[in-house]
Number of protein chains: 2
Amino acid sequence: MAVTTTAHRARRPRLQRGSLSREKIVRESLRLLDADGIAGFSLPKLGRALGTDPTAVYRHFASKDDLILAIADQLIEESSGGLVPGDCWVSTLAESTRRLRTTYLAHPAAASLSAYRTTQGPAEMHIVDVIIGAVLAAGFEGAEAATVYRAMGDFALSWAGCEASFLALDERLQKRDTDAWTSAYLAVDRRQYPHIWQVRTELPGVGDDEIFETILSFVIGGLVARAPRPCGCAQHRQAAANGNS
Amino acid sequence: MAVTTTAHRARRPRLQRGSLSREKIVRESLRLLDADGIAGFSLPKLGRALGTDPTAVYRHFASKDDLILAIADQLIEESSGGLVPGDCWVSTLAESTRRLRTTYLAHPAAASLSAYRTTQGPAEMHIVDVIIGAVLAAGFEGAEAATVYRAMGDFALSWAGCEASFLALDERLQKRDTDAWTSAYLAVDRRQYPHIWQVRTELPGVGDDEIFETILSFVIGGLVARAPRPCGCAQHRQAAANGNS
DNA sequence: GGCCATTGTCAATGCTTATGACTAATGCAT
DNA sequence: ATGCATTAGTCATAAGCATTGACAATGGCC
C-alpha cells in the first residue's frame, strides 16, 4: 500500500491539516520562553510567533494550562530521555536528580511554569520507575519504599523547580537578591547578627552548583546510612568494606 | 447617545482619609489569599474587599510586586517569630525548617506568591543568623560554613515553597494529581513499569508529613555525618557515645 | 481662613485568557 | 471525482487584569 501520498506525513496515525500541531506549538513555546521569559509568553504572542491567528492555539490545547502540561512533559522527556540505570543505585539517584536540575536550569521560565505538575505522560512514568527501582535496589520495601521514593523524587523536583523559578524572575529582581549577599549581608551589624557577621565575607562567593552538590550529598548520605542494602557497585562495595557508612 | 448614565450612579460615600494603611492591606491580602486562593487575589478585588475603590491600594504600594514582598516578610515573621536556638544545633535546624513549612502550609497561596523572594527584612535576617549559628556550632568554618548554611536554608525554602505551591493550585488540579497516585499508578502495566507495579498499592497511602520527615531526616543525617563537631546536647551526646552517626 | 500634600475616586489604556460564530480546507465514503 | 461532515484557522467579542493620569475631598499646618 502506501503509494505516494505525502510520505512523511503518512507516519502519523492521524494526518494533521494546516501548519499547526501540538508538537510545533510546544517547541515554539519553549523557544519563546527561553528567549523572552515568562513575560513573553501569552497565547496571543505565541500565535503571532507561529504566524497564525492569536487564538489559533486554542484549536490544539483546551487552555493555557493544558499547554503548560505538555511543556512539562517535554521537559521531563528532555531530562530523563535515554537514562539507563546502572548497577549502582546511588549514582542512579544522584544522576537523575542532576539531570532534572540541568534541564530546568536550561529552561528556567518553562520550568517555573510547569514544575510541581504531574503530567502522567510516558516520560514521567519512566523516570518514576527508574527512581523506584533504585529505592528497591537499596533494600527498602513496601510502604517505606514508597515513602522514600516520594521523598527523593519530590526533593529533586522542588530543588530544581526552586532554582528555575528564581532564574525566571526579572533580571532586576534577581539582582536585588544577589546584592543582598554581596552588600547588605556584608555590612551587617556585628552585635545584632553575630553569626552572619562571622561568615559575611564568605557568603558572596558561594556558587549555586556548590550549594546543590552539598545538599545532594547530604540527602544521598542520609539515604545510604539508612538503606537496608548497600550499593553493589565496585566503588561503593569498597567503601562499605572499609566500614564507612 | 448618552442619556443619563452618570447622573445617578449609586455612589458610595467617600471614605475617610486613613481608612487604608499598608498593614491593613497586608492583613486583608492574607485573608483573601487564605480564603479564595491565588485566583481570588487581584488588586481590584482586594480594593473592593477593603470597601474602597478598586485602585485605592496603589496609593500605598507602588505595584502588586511591592505588595507581595510585604506579604512575604509577614510570613517570615509569623514563621520565625520567637524562635530561640537551644543548645542542640540539630534540633535548631530541624525546628526552623519545620516551622517554615508549617507557616507556608497554613498560607499556601500567599507562600506560593512570595516564596523564593528575599525581603531583607528583620525577620529574615534573624532566622538567617539562627541557622548560621547552628552551622557554626556544628563545627563548619569559613567558606564551608557559608555553603552549608545556603544548602540548609535553600532546602527549607524550596521544600516548603513547593508544597505550598501545590496546595495553592485549583482543587481540581490537585485532585488530578492525587488521582494519579490513587488510580493511574495503581493500574500501571506490570511489564512496562515493573518497579512502579511493585509498590503500586503503597503509593496512595503515603502522607505529606511522612514524606517531609523522611527527607528532613536524610538531610539532617547527612549533615550530622559530615559535621566536624557532634551536637553537645544530652540526647545526641548519648547517641555519639554509642558510636552511632 | 488659606495652602497643599496626601489619599480616595473615576475613566481609560492595553494587555490577558477564553468563547462562540463564521469560513475554508481536508479526508472519506460513495 | 465528487459531495459532505469534520475541523483548523479567523474574527469579533467578552470579562478581567495591572497600571496610569486627572480630579476631588480631606485634614494637617500656618
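Note on naming: letters A, B, ... go to the chains in the order of the sequence lines (proteins, then strands), and numbering restarts at 1 for each one.
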(request) Run the salt-bridge test on A:D208 and A:R101 with the 4.0 Å N-O cut-off and return the result as yes or no. (result) no
(request) Could you work out which one of D:dA18, C:dA18, D:dT10 sits closest to the side chain of B:P44? (result) D:dA18
(request) Check every atom of D:dC17, C:dT9, C:dT16 against the side chain of B:R59 and return the nucleotide holding the closest atom. (result) C:dT9
(message) Could you check, using the six-membered ring where one of them is a Trp, whether A:Y185 and A:W181 have ring centers closer than 6.0 angstrom?
(response) yes
(message) With hydrogens left out and only the distance checked, is there a donor-acceptor pair under 3.5 Å joining A:T55's side chain and the base of D:dC11?
(response) yes
(request) Kindly say if A:S42 contacts the phosphate of C:dT16, meaning a side-chain N or O under 4.0 Å from OP1 or OP2. (result) yes
(message) I want to check one thing: is the phosphate of D:dT7, taken as OP1 and OP2, less than 4.0 Å away from some side-chain N or O of A:H60?
(response) no
(request) Identify, between B:S21 and A:K45, the residue whose nearest nucleotide on DNA chain C lies closer to the 5' end. (result) B:S21
(message) Rounding to an integer number of Å, can you tell me how far A:D66 CG sits from C:dA18 C1'?
(response) 13 Å
(message) I need the CG-C1' distance between B:D170 and C:dT17, as an integer number of Å.
(response) 14 Å
(message) Among C:dT17, D:dT19, C:dT9, which nucleotide has an atom closest to any side-chain atom of A:K64?
(response) C:dT17
(request) Using whole Å, report how far CG of B:L20 lies from P of D:dT26. (result) 16 Å
(message) Regarding B:D65 and B:S63, do their side chains bring together a donor and an acceptor under 3.5 Å, going by distance alone?
(response) no
(request) Please state how far atom NZ in A:K24 lies from atom P in D:dA8, giving the value in whole angstrom units. (result) 14 Å
(request) Mind calculating the distance between CD1 (A:I68) and C1' (C:dT16) to the nearest angstrom? (result) 13 Å
(request) In plain terms, say whether B:K24 and B:E28 are close enough for a salt bridge, that is, a side-chain N and a carboxylate O under 4.0 Å apart. (result) no
(message) Checking contacts here: which listed nucleotide (D:dT20, C:dA18, D:dT10) is nearest the side-chain heavy atoms of A:Y58?
(response) C:dA18
(request) Rounded off to whole Å, could you give me the CZ-to-C1' distance for the B:F61 and C:dT7 pair? (result) 14 Å
(message) Any carboxylate oxygen within less than 4.0 angstrom of a Lys/Arg side-chain nitrogen, looking at B:R98 and B:E213?
(response) yes
(request) Counting heavy atoms from C-beta on, name the nucleotide in D:dT19, C:dC10, D:dT10 closest to the side chain of A:T52. (result) D:dT10
(request) Can you figure out which of C:dA18, D:dT10, C:dT9 approaches the side chain of A:A56 most closely? (result) D:dT10
(message) Expressed as a whole number of angstroms, how long is the span from A:L32:CG to C:dT16:P?
(response) 12 Å
(message) From CG of B:L43 over to C1' of D:dT19, roughly how many Å is that when rounded to an integer?
(response) 9 Å
